[in-house]
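Within every chain, numbering begins at 1; the chains are lettered A, B, ... in the order of the sequence lines, protein sequences first and strands thereafter. When reading the values below, keep in mind they use all heavy atoms of this one structure, side chains included, and skip hydrogens, waters and symmetry mates.
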Number of protein chains: 2
Amino acid sequence: MTVMRSPTRVPSPRRREILDAAATLFAARGFHGTSIEEIGGAVGISGPALYRHFSGKVSLLSEMLLDISERLRGSAVERVTRAETAAEALDALIGGQIDFALDHPALITVHDRELGNVPEPARRQIRRLQRLYVEEWVTVLSELYPDVPPPGLRAATHAVFGLLNSTPHSAGELPREAMAALLHRMARAALFGLVNQY
Amino acid sequence: MTVMRSPTRVPSPRRREILDAAATLFAARGFHGTSIEEIGGAVGISGPALYRHFSGKVSLLSEMLLDISERLRGSAVERVTRAETAAEALDALIGGQIDFALDHPALITVHDRELGNVPEPARRQIRRLQRLYVEEWVTVLSELYPDVPPPGLRAATHAVFGLLNSTPHSAGELPREAMAALLHRMARAALFGLVNQY
DNA sequence: CGAACCGGTTAATGATGACTAACATCCAGG
DNA sequence: CCTGGATGTTAGTCATCATTAACCGGTTCG
């Protein structure tokens, strides 16, 4: 048995290509609705050739979700660190999530649909990264809205994710920049609504 | 061949029971990840007995999504009709969506994950109902925000759906009433953000 | 009574699909 | 050269699963 290369090292272009194609297919037809044959076909090789790159269908999914979670979390940490005020940090977080959602709609879709198909070793790690990402938001928000208790901030964070991740549903309604601006304003306003009523 | 009872008439308790169980399973494991055997097992009968009630797995899903879309659309029309002002109508729409999402998280989850598995005759009808539901919102919103062009209002509507439908993700963070209130405030504020910035 | 339907049961059947085996090609380095 | 690894290929294999068949016990109502 050839030991599979550790998830994030040396992103052989072929692996990336496969992951990208698989993400699109998973987003469209779902994990169980997509066959190994289809994924291979999407990158010009056929079926079992995938096993030269991944140890199986679920490990492909695990790696995909792990990668997404790492990117979201990593970029969040980076942006928050760079920011000088909490308000600035929040805008950076919102902007980062919007960019990711607009650039990779398939990844966003797979990210919150398919965690249930990842088996336990990897599952926990993905959840951990997701939790860390949420806490990044909660930390910033608790500075801006100190009167809202953490559970409320967590629920609000998920609500904002739902709002921002809606882009795959309204694809094509607006040009990208307009969509980004609209989502940014709505997200900021939604959070502002935590403490002010109209 | 016994002709299947027309979708929405005489909701035989057994059918409802099966649809409910299936919704929970579909939400948890996905359509393709759920077997006929599991659905039967969840209501105490086993496997092929389902064919006494539905003509097949996909028709079960079709009926489920059709029912959800009809209920959402129907309740929206009703609420908007009853309202006296546009602002009141909007609050009624928001409240209706929140109640539905909190009362039937599985249905909400299935509703926007599994349309892709419904084959073409029913698919179009479901999409039609969804579109009508969205337009119900857009009509109300265009009265409140006449300066925002329809595509923007549609995108905003989808964004608000994403926000409100986030409850399955933040399950248990807050007691139901607190969650409902928080989502309502955030949704109203998010829409207000369409025209005012902070 | 008894025929017919209703709602179940268990045992095929037939596809589909993940994964493995056995075999080919290409290319790098010794 | 020629050997070995990396990457493909095609042809199994073995499960799983939706769907159908064949059969059965009630209940209704004519």
Can you tell me which nucleotide in D/dC17, D/dG8, C/dT10 comes closest to the side chain of A/A49? D/dG8
For a quick check of understanding: with a heavy-atom distance under 4.0 Å over all strands, which category does B/G56 fall into, base, sugar-phosphate or nothing? sugar-phosphate
I need the OH-P distance between B/Y51 and C/dT9, as an integer number of Å. 14 Å
Nearest listed nucleotide, side chain of B/P48, among C/dT20, C/dT10, D/dC17: C/dT10
Kindly point out which of C/dG7, D/dT9, D/dA21 is positioned nearest to the side chain of A/S46? D/dT9
Between B/E135 and B/R131, is the closest basic N to carboxylate O distance under 4.0 Å? no
Value in whole Å for how far the C1' atom of D/dA6 lies from CZ of A/F54: 15 Å
Among the nucleotides C/dT9, D/dA18, C/dG7, which one has an atom lying closest to any side-chain atom of B/I45? C/dT9
What is the separation between atom CZ on A/R29 and atom C1' on C/dG17, rounded to the nearest whole Å? 15 Å
Separation of D/dT19 atom P from B/K57 atom NZ, nearest Å, is 8 Å
Tell me whether the OP1 or OP2 atom of C/dA18 has a side-chain N or O from A/H32 closer than 4.0 Å. no
Pairing of B/R14 and B/E17 as salt bridge, 4.0 angstrom limit: yes
Between A/D91 and A/R79, is there a side-chain N and carboxylate O pair less than 4.0 Å apart? no
Looking only at the side chain of B/I36 (C-beta and beyond, no hydrogens), which of the listed nucleotides D/dT10, D/dT19, D/dT7 gets closest? D/dT19
